[in-house]
Every structure is written in C-alpha cells, then in structure tokens.
Amino acid sequence: MNCGHSISDEFCAHCGQKADTARITPHSLLKNDILGSIWHVEAKFFQTLKDILFRPGKTAMDYISGKRIRYNNFISLLLILFSFNVLGLHYYEKFAPPEILANDSEIKDFFSKYSKTILFVIIPMLAINAYFLFKRIKLNIAEHFIIGTVSLLGILIIFLLDDIVSLIGLWKPVSKIFEVIDKIIFGLSILFPAITYWNAFKNSYSKPGLLWRVSVLYVLMGIESTVISLILYEIF
C-alpha cells in the first residue's frame with residue numbers, strides 16, 4: 001500500500017512497511033502504535049547501553065560486521081549521552097555545597113568549557129592510533145572510528161553513573177562510602193578503552209601482543225591529550 005510493490009512476507013522488501021494494513025482500532029492504536037513503539041525504542045536503547053558497557057569490543061565488531069538492527073545509531077546515542085552528562089553536571093553543581101565545588105572547580109570548568117572539543121577529539125585519536133597498532137585486523141579508519149565511538153560511549157555511560165554517585169554522595173552519612181565508589185568508577189572510565197580493545201581483539205592477538213599494543217595506545221593517547229590540553233590552555 002505504501003509503494004505499490006507486491007509483497008510475500010511480513011515486510012515489504014522495497015520500502016520496509018509491514019504487510020499488515022488492517023484498519024486502525026482503539027485497541028491496535030494503544031497496543032501497537034503507542035505502547036509498542038515506546039517499548040521498542042526503550043528496549044533497544046537500554047539493550048545498546050548494556051552491550052556497550054559489558055561487551056564493548058564485541059558490540060563494535062558486531063556492528064562493523066553488519067549486525068546493526070539490534071543497536072541504536074552510535075552517533076545519535078553519543079549526543080544523547082553527552083547531553084545527559086551535561087545535565088548531570090548541572091544538577092551536581094546546583095546541589096553541591098560551595099566548599100566542595102571550590103575544590104574541583106578548575107577541573108570541572110575545564111571539561112565544561114572544552115567538552116565538545118574533547119568529545120570530537122578522543123574518537124579520531126583512538127581511531128588513528130588503533131589503525132596503526134592493530135593492522136593485522138585489516139579494518140579501515142572508519143571501522144576503527146566505530147570502535148573509538150563505542151569506547152567513548154562506554155566512558156560517557158560511566159561518567160553518567162559517576163554523576164549519580166556524586167549526587168548521592170552529597171548526603172553526609174554516606175559521603176565517605178560514595179567517595180570510594182566515585183574513585184573506583186573514575187578508574188574504570190580510564191580503563192574502558194583498554195577493555196574495549198581487549199574485548200574486540202582478544203581472539204586475534206596473543207595476550208602479550210595485545211597487552212603491549214594497548215599499553216602503547218595509552219602512551220600515545222596520553223602524549224596527544226597533553227599536547228592538545230596545552231594548546232587549548234595557551235590559546236584560551
């Protein structure tokens with residue numbers, strides 16, 4: 001009915017519309033169009049987040065190989081999570097006492113001011129470095145860009161969890177406990193790119209070979225990040 005092509009299956013191979021064109025009723029509107037759409041979007045969204053967090057490298061390699069229908073678009077998800085992180089930081093600054101904000105104001109001001117730059121620089125840095133370090137896999141630069149995107153997505157998910165932990169930690173009776181949790185989560189965010197590449201390439205390299213490549217990746221990222229930070233500092 002949508003494009004005029006004949007169909008013989010559940011979906012049209014030409015335009016993708018479902019073969020079911022029955023009349024819309026109050027029951028079908030509620031079940032399929034409203035509740036069905038909400039459930040499909042939410043289930044896909046949270047499934048993508050779960051896969052990125054617990055098997056990031058496998059998720060990236062599945063996406064590269066063509067298994068994409070189960071995942072949200074990574075670039076769209078990147079912008080959504082980035083917005084959530086900005087919102088989380090806003091509420092932390094809103095509720096945190098002035099003395100706490102004074103202790104970490106320089107770091108937070110830097111990341112707040114240059115957050116977009118950091119967002120668009122980390123992925124190309126990861127992609128270019130990994131392209132040369134993991135040549136055996138024979139992925140092109142765009143495919144390494146996908147792995148870098150998944151790695152940054154994982155970091156943003158962890159940062160979002162860290163925002164929640166920081167907000168809860170403002171309550172004095174549990175502040176000490178959540179301060180420890182906060183440090184653990186921050187350490188996990190630093191390690192997440194290593195987890196991503198290890199998970200992606202663990203079957204393609206020996207453990208020593210993968211270990212030195214990931215270590216060199218971190219050294220290169222550290223040097224490049226320092227240079228970029230110094231340039232931003234000198235310019236602005």
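We're numbering straight along the sequence, starting at 1.
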Original post:
Can you name the closest pair of heavy atoms from G148 and I123 and give their distance?
Top reply: O-CG1, 4.0 Å
Subject >> N/O donor-acceptor pair under 3.5 Å between T59 side chain and D51 backbone >> reply: yes
Original post:
With no hydrogens and no angle check, is any side-chain donor or acceptor of S189 less than 3.5 Å from a backbone partner on I155?
Top reply: no
**OP:** Give the minimum heavy-atom separation between R70 and Q47, together with the two atoms involved.
**Re:** NH2-NE2, 2.9 Å
Original post:
Run the side-chain contact (heavy atoms from CB on, under 4.5 Å) check on L77 and L156 step by step: do they pass?
Top reply: CA-CA 10 Å; L77 194 59; L156 290 177; over 6 Å; no
**OP:** Give a yes or no answer on whether the side chain of K207 reaches the backbone of K202 with a donor-acceptor pair at less than 3.5 Å.
**Re:** no
**OP:** Grab the two heavy atoms, one from P56 and one from I195, that are nearest each other, plus how far apart they are.
**Re:** CG-CG2, 4.2 Å
**OP:** Answer yes or no: does atom OH of Y218 have more than 12 heavy-atom neighbours from other residues, nucleotides or ligands under 6.0 Å?
**Re:** yes
Subject >> Inter-residue atom distance N85.CG - L160.CG, 0.5 Å rounding >> reply: 5.0 Å
Subject >> Cluster overlap I128 with L126, hydrophobic side-chain contacts below 4.5 Å >> reply: no
**OP:** Could you give me the CA-CA distance, side-chain angles and deciding distance for S175 and L170, then say whether side-chain contact (heavy atoms from CB on, under 4.5 Å) is met?
**Re:** CA-CA 6 Å; S175 61; L170 294 175; over 6 Å; no
**OP:** Look at the side chain of S225 and the backbone N and O of G222, then say whether any donor-acceptor pair between them is shorter than 3.5 Å.
**Re:** no
Original post:
Do the side chains of I190 and L152 join up, straight or via other hydrophobic residues, at under 4.5 Å, putting them in one cluster?
Top reply: yes
Original post:
Is it true that I137 and I141 fall in one hydrophobic cluster, defined by side-chain heavy atoms closer than 4.5 Å?
Top reply: no
Subject >> Note, F74 side chain near I52 side chain (heavy atom, < 4.5 Å) >> reply: yes
Original post:
Does the N72 side chain pair with the main chain of F45, one donor and one acceptor, at a distance under 3.5 Å?
Top reply: yes
Subject >> Listed once per pair and sorted, the side-chain hydrogen bond (donor to acceptor under 3.5 Å, both in side chains) pairs that draw on residues 121-134, sequence neighbours left out >> reply: N129-E224
Original post:
What is the minimum heavy-atom distance between L217 and A130, and which atoms define it?
Top reply: CD1-N, 4.1 Å
**OP:** Applying salt bridge (Lys or Arg N to Asp or Glu O under 4.0 Å), name anything that partners R68, two or more places apart in sequence or on another chain.
**Re:** none
**OP:** Find the distance between CD1 (I164) and CD1 (I181) and round it off to the nearest 0.5 Å.
**Re:** 12.5 Å
**OP:** Check the pair M125 / V121 against side-chain contact (heavy atoms from CB on, under 4.5 Å), numbers first and verdict last.
**Re:** CA-CA 6 Å; M125 282 168 55; V121 164; 3.1 Å; yes
**OP:** Nearest 0.5 Å please: distance from the OG atom of S204 over to the CE atom of M61.
**Re:** 6.5 Å
Original post:
Cluster question for you: counting only ILVMFWY and a side-chain heavy-atom cut-off of under 4.5 Å, with indirect links fine, are V216 and F132 together?
Top reply: no
Subject >> CA sep, side-chain torsions, deciding dist, call: K44, Y71, side-chain contact (heavy atoms from CB on, under 4.5 Å) >> reply: CA-CA 6 Å; K44 191 174 184 178; Y71 302 119; 5.5 Å; no
Subject >> Atom pair CG/CG of L161 and D182 - distance to nearest 0.5 Å >> reply: 11.5 Å
Subject >> Exam field: side chain N199 to backbone G57, donor-acceptor pair closer than 3.5 Å >> reply: yes
Original post:
Just how far is it from atom CZ of R213 to atom CZ of R136, taken to the nearest 0.5 Å?
Top reply: 5.5 Å
**OP:** With sequence neighbours excluded, give me every ring pair (Phe, Tyr, Trp, His ring centres under 6.0 Å) pair touching residues 150-200.
**Re:** F134-Y197
Original post:
Can you tell me how far the CG atom of L211 sits from the OG atom of S215, to the nearest 0.5 Å?
Top reply: 4.5 Å
Subject >> L133, L139, V214, T196 screened by side-chain contact (heavy atoms from CB on, under 4.5 Å) with F201, the one that passes >> reply: L139
Original post:
When clusters are formed by joining ILVMFWY residues with side-chain heavy atoms under 4.5 Å apart, either directly or through shared neighbours, do I168 and F84 land in the same one?
Top reply: yes
